[in-house]
Amino acid sequence: MTYQFEEFAYDPARRVLSSSQTKEVLRPQVGQVLLFFLERAGEVVTKEQLIQAIWGETAVSEQSLNLLISTLRKVLTDDAKNPRFLLTLPQTGYQWIAPVQRVSPTPIPSHRWRMVVPIFAAMALFALVFQFFPRSHPPPSERMRIAFWPFENQTGDPNLQWVELGLMDMVAQTCGYSTRIEVVPAEKVLQYVRLPTPDSQNLCSRLGVDLAVTTQFQTDEVGYMAKLSLQRPDGSQAHQVIRGKDPLEVANRIGQWVLRRSVPLQPNLSLFQQFTEDSDLNISYASGVQALLTDGPAAAQPFFQKCVQKDPCFLLAQLQAGKIAYQLGQGEWAQSHLDELALEARSRSAVHIEAACHGLLSNIALHRWQIDSATQHAEHAQGLFRQLNESLAVATMQGQLGYIAFSQNRMAEAESLTRDWLSGAQVAQDRLMEGQAINTLAMVMEAQGDWLSTQSLCFRAIQIFEDLGSDPYLAIARGNLGYFALKFGDWRLSEAQLQGAFQLQATIGDQRSMVRILLCQALLKSGLGQIEDSLALLAKCQTMASSLGDRFSGFQTEILQIRLFADLGRDGSALIQRLDQELTPTDMADLKAQFHLASAYYAWRNGDVATAQAALDQVPEALQTGSSYFFGRALVACSTGKAQAAKRDFEMAETTSQGDWSQVLRPYCVYAEAISRGESPIAPPIGYHMH
């Protein structure tokens with residue numbers, strides 16, 4: 001069913017909004033709210049109905065709905081003050097006022113994918129994008145840069161949906177084997193998927209290529225055929241019709257024809273040379289690529305597993321299987337698999353496969369806080385990419401090393417490495433990677449206490465990801481901004497960004513990032529004094545972190561639980577004892593400091609001032625500068641009759657906090673002032689839990 005209104009037509013099955021001049025794939029929630037209105041044209045719809053329809057039982061603020069409505073208006077070019085489509089009813093809701101006609105669908109080329117970029121490290125915030133076959137490159141100026149637009153499946157056969165992105169990727173891989181060609185990765189091409197197929201000058205300029213290839217895939221009386229168009233920046237075009245008895249034969253001939261037209265001196269390469277001689281496996285691989293780029297890793301996993309089980313020597317499928325297992329939280333299997341694959345790739349001189357394995361292994365080690373191992377894998381991968389003259393991949397690993405330095409509080413080194421990564425992305429004109437580097441640089445600036453720079457960088461990254469239509473990276477960027485706003489005391493901004501990020505991550509299925517967002521939301525609830533709600537979020541967070549093997553987030557969750565147990569008068573002694581044993585052998589200095597501060601607060605709440613002081617004494621001197629430390633020291637001073645010292649430390653804690661966190665600390669300053677006057681006030685009921 002298609003809905004027509006004024007100059008627009010909306011196909012909800014594909015989420016395609018089209019007019020005579022534009023065609024756009026809407027984001028899931030935007031498409032959902034548009035369909036909700038179209039099905040209720042003329043009816044008055046309340047805000048509560050909309051929130052229930054879009055978010056279900058998930059608690060969201062009215063601001064989230066306002067942002068969604070604003071986005072819909074922007075897509076429809078609808079003015080809220082003089083609406084053509086959506087009338088706002090103050091204090092009530094909305095009403096769709098344009099006539100709507102329902103019509104039966106007509107066959108059109110399929111553009112139903114949405115971009116799901118593989119994310120190798122939710123905390124490191126970047127993906128490695130590269131081709132996987134060994135080749136030696138001439139200087140970049142001598143190489144032709146080619147982009148393959150997704151195939152348009154015009155066969156009408158739903159079983160051939162995989163040709164759209166699967167065959168596109170396989171033909172690109174075949175041409176990428178040439179030493180004279182640089183193929184734009186599929187992930188980057190899909191950044192522009194919301195656009196209608198543009199003219200050649202527009203397409204080539206947007207992608208920064210010498211040649212763009214568009215393909216219409218059809219059937220005829222013999223078998224299958226592809227109508228190709230090679231488009232150049234000057235507007236010139238070349239066209240060709242290629243036929244074959246099956247889709248893979250057509251794809252193979254496409255690759256050979258493109259090679260002949262683009263670099264005539266290159267040998268004719270066979271698609272099967274690069275993949276396998278088993279057409280069934282090639283189709284499984286192509287279907288896996290299609291699923292990965294449209295529905296995510298869980299949907300793609302069975303296709304790559306089939307390839308691996310049938311042909312263990314299919315290295316590219318082996319790599320995809322390891323990467324997806326890691327994304328789905330199967331860390332142990334992924335590590336073992338990638339270790340073996342790296343050795344196999346080395347024995348077969350498949351240098352790109354080996355380098356990619358070490359990049360993934362670095363991320364796995366970092367999530368387990370195995371810093372030395374993470375560094376070794378990253379440096380090994382970077383060295384291999386440098387041998388292959390893969391400058392963008394070298395820059396990406398520079399970013400990985402920067403994040404490792406960040407995790408170890410080596411901020412000057414982290415900033416230098418991250419800026420190198422950003423420069424590499426800008427030179428390569430890769431906006432997706434530029435956004436990732438900016439996002440990571442924001443983390444570094446936040447750690448140095450520069451909120452203005454942090455906020456500016458976050459909004460820059462968000463704008464880039466919104467422009468590209470990249471929901472996975474937009475979710476991470478919004479989650480980061482929500483976390484940073486929480487630390488700097490802007491609770492309203494934090495709540496809005498965290499809610500938006502969680503909704504995106506729930507749609508995408510990135511559980512590692514969801515754990516981090518839940519932890520931030522729990523901390524926000526504690527600041528608001530909603531302790532039971534905070535504990536409920538922490539329990540959910542702990543379950544997810546445990547299933548993913550995310551020790552760092554698991555420890556953070558339990559440390560905050562200690563503080564909340566203290567506020568509620570619950571027994572947390574067993575948790576403190578266990579965490580002490582588990583954290584002692586690690587090198588997580590920040591987490592150890594947070595643990596000692598939480599233990600000090602718990603002891604003070606239970607009247608054990610000596611234990612509280614002993615816990616404070618275990619915080620390293622270099623980390624005795626934050627507001628949480630001053631807060632803990634002030635509590636102990638209050639209990640030992642040192643009223644003036646307590647007053648000074650509470651004021652220091654308030655000074656080193658910002659925004660709403662300062663307001664939480666204000667009652668404690670008043671509390672200390674009363675003690676200094678010889679009074680016996682009751683301590684504020686809720687503690688200060690920012691760390």
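Within the 3.5 Å criterion, the main-chain N or O of Gly479 finds no donor-acceptor partner in the side chain of Gln497. Listed for the Ser336 side chain is no donor-acceptor partner under 3.5 Å among the backbone atoms of Trp333. With hydrogens and angles ignored, the 3.5 Å screen pairs a side-chain donor or acceptor of Thr586 with a backbone N or O of Leu583. A distance-only check finds no donor-acceptor pair linking the side chain of Asp608 to the backbone of Trp604 [under 3.5 Å]. Side-chain atoms of Thr375 come within 3.5 Å of backbone atoms of Ile371 as a donor-acceptor pair (strictly under, hydrogens ignored). Put simply, the side chain of Ser456 never gets that close to the backbone of Ser453: no donor and acceptor are under 3.5 Å apart. Side-chain atoms of Thr640 come within 3.5 Å of backbone atoms of Val636 as a donor-acceptor pair (strictly under, hydrogens ignored). A donor-acceptor distance shorter than 3.5 angstrom exists from the side chain of Thr418 to the backbone of Ala414, with no hydrogens or angles considered.
Between Glu651 and Leu665 the shortest side-chain heavy-atom distance does not fall below 4.5 Å. Considering only heavy atoms from C-beta on, Asp450 comes within 4.5 Å of Leu452 through its side chain. Side chains of Phe406 and Glu413 form no contact here, defined as non-hydrogen atoms less than 4.5 Å apart. At a threshold of 4.5 Å between non-hydrogen side-chain atoms, the residues Leu528 and Trp491 count as touching. Looking at heavy atoms from C-beta onward, Asp339 lies in side-chain contact with Gln335 at the 4.5 angstrom threshold. Side-chain contact between Gln613 and Leu616: present, with at least one pair of heavy atoms (C-beta onward) separated by less than 4.5 Å. Between Ile476 and Arg478, the closest side-chain pair of non-hydrogen atoms is not below 4.5 Å. Looking only at side-chain heavy atoms (C-beta outward), Leu523 and Ser534 stay at 4.5 Å or farther from each other.
Seen from the ring of Tyr602, Arg563 does not count as a face-on cation partner, given the 6.0 Å and 45° thresholds.
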* To do: May I have the step-by-step check of salt bridge (charged side-chain N to carboxylate O under 4.0 Å, His left out) for Glu558 and Arg578, ending in yes or no?
  => CA-CA 10 Å; Glu558 292 181 313; Arg578 177 171 60 78; 2.4 Å; yes

* Would you sort out whether Val619 and Lys592 count as a side chain to side chain contact (heavy atoms under 4.5 Å, CB included), showing the intermediate values? => CA-CA 8 Å; Val619 177; Lys592 288 180 181 178; over 6 Å; no

* Start with the C-alpha gap between Glu446 and Trp451, add the side-chain angles, then the distance that decides, and say whether side chain to side chain contact (heavy atoms under 4.5 Å, CB included) holds. => CA-CA 6 Å; Glu446 181 276 326; Trp451 174 227; 5.7 Å; no

* Begin with the C-alpha distance, continue with both residues' side-chain angles, and end with the deciding distance and a verdict on side chain to side chain contact (heavy atoms under 4.5 Å, CB included) for Phe595 and Ile562. => CA-CA 9 Å; Phe595 167 70; Ile562 292 172; 4.0 Å; yes

* To do: Before giving the answer on side chain to side chain contact (heavy atoms under 4.5 Å, CB included), spell out for Tyr629 and Asp649 the whole-Å C-alpha distance, their side-chain angles and the decisive distance to 0.1 Å.
  => CA-CA 9 Å; Tyr629 176 76; Asp649 279 339; over 6 Å; no

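Around atom CD of Gln577, no more than 12 heavy atoms belonging to other residues, nucleotides or ligands sit under 6.0 Å away.
Atom CG in Leu535 sits 9.5 Å away from atom OG in Ser526 (nearest 0.5 Å). Atom CE of Met433 sits about 12.5 Å away from atom CD1 of Ile438, to the nearest 0.5 Å. With rounding to the nearest 0.5 Å, the separation of CG in Leu493 from CZ in Phe484 is 12.0 Å. Atom CE of Met514 sits about 4.0 Å away from atom CZ of Phe502, to the nearest 0.5 Å. Atom CD of Gln561 sits about 8.5 Å away from atom SG of Cys541, to the nearest 0.5 Å. How far CD1 of Ile404 is from CG of Leu366: 5.5 Å, rounded to the nearest 0.5 Å.
Taking all atoms of both residues into account, the shortest heavy-atom contact from Cys458 to Ala442 is SG-CB, 3.9 Å. Residues Pro684 and Arg605 approach most closely at O-NH2, 3.0 Å, considering heavy atoms. Of all heavy-atom pairs between Leu597 and Ser628, the closest is CD1-CB, 3.8 Å. Contact between Gly322 and Ala334 at its shortest, heavy atoms only, is O-CB, 3.7 Å. The two residues Gly359 and Ala381 have their closest heavy-atom pair at N-CB, 3.8 Å. Pro620 and Ala593 get closest at one heavy-atom pair: CD-CB, 4.5 Å.
Looking at Thr440 and Trp421, their side chains never bring a donor and an acceptor atom within 3.5 Å of each other. Judged by distance alone, the side chains of Gln594 and Gln556 never bring a donor and an acceptor atom under 3.5 Å apart. Under 3.5 Å, the side chains of Asp567 and Tyr601 contain a donor-acceptor pair of N or O atoms. Of the N and O atoms on the side chains of Gln644 and Lys647, not one donor lies less than 3.5 Å from an acceptor on the other residue.
Taking the ring centroids of Tyr668 and Phe631, they lie under the 6.0 Å cut-off.
Partners of Lys525 by salt bridge (Lys or Arg N to Asp or Glu O under 4.0 Å), not counting sequence neighbours: none found. The side-chain contact (heavy atoms from CB on, under 4.5 Å) search around Glu332 returns Arg368, not counting sequence neighbours.
Using a 4.0 Å cut-off between charged nitrogen and carboxylate oxygen, Glu434 and Arg419 do not count as a salt-bridge pair.
Checking each of Ser553, Ser547, Ser546 against Asp550 for a side chain to side chain donor-acceptor pair (under 3.5 Å) leaves exactly one that passes, namely Ser553.
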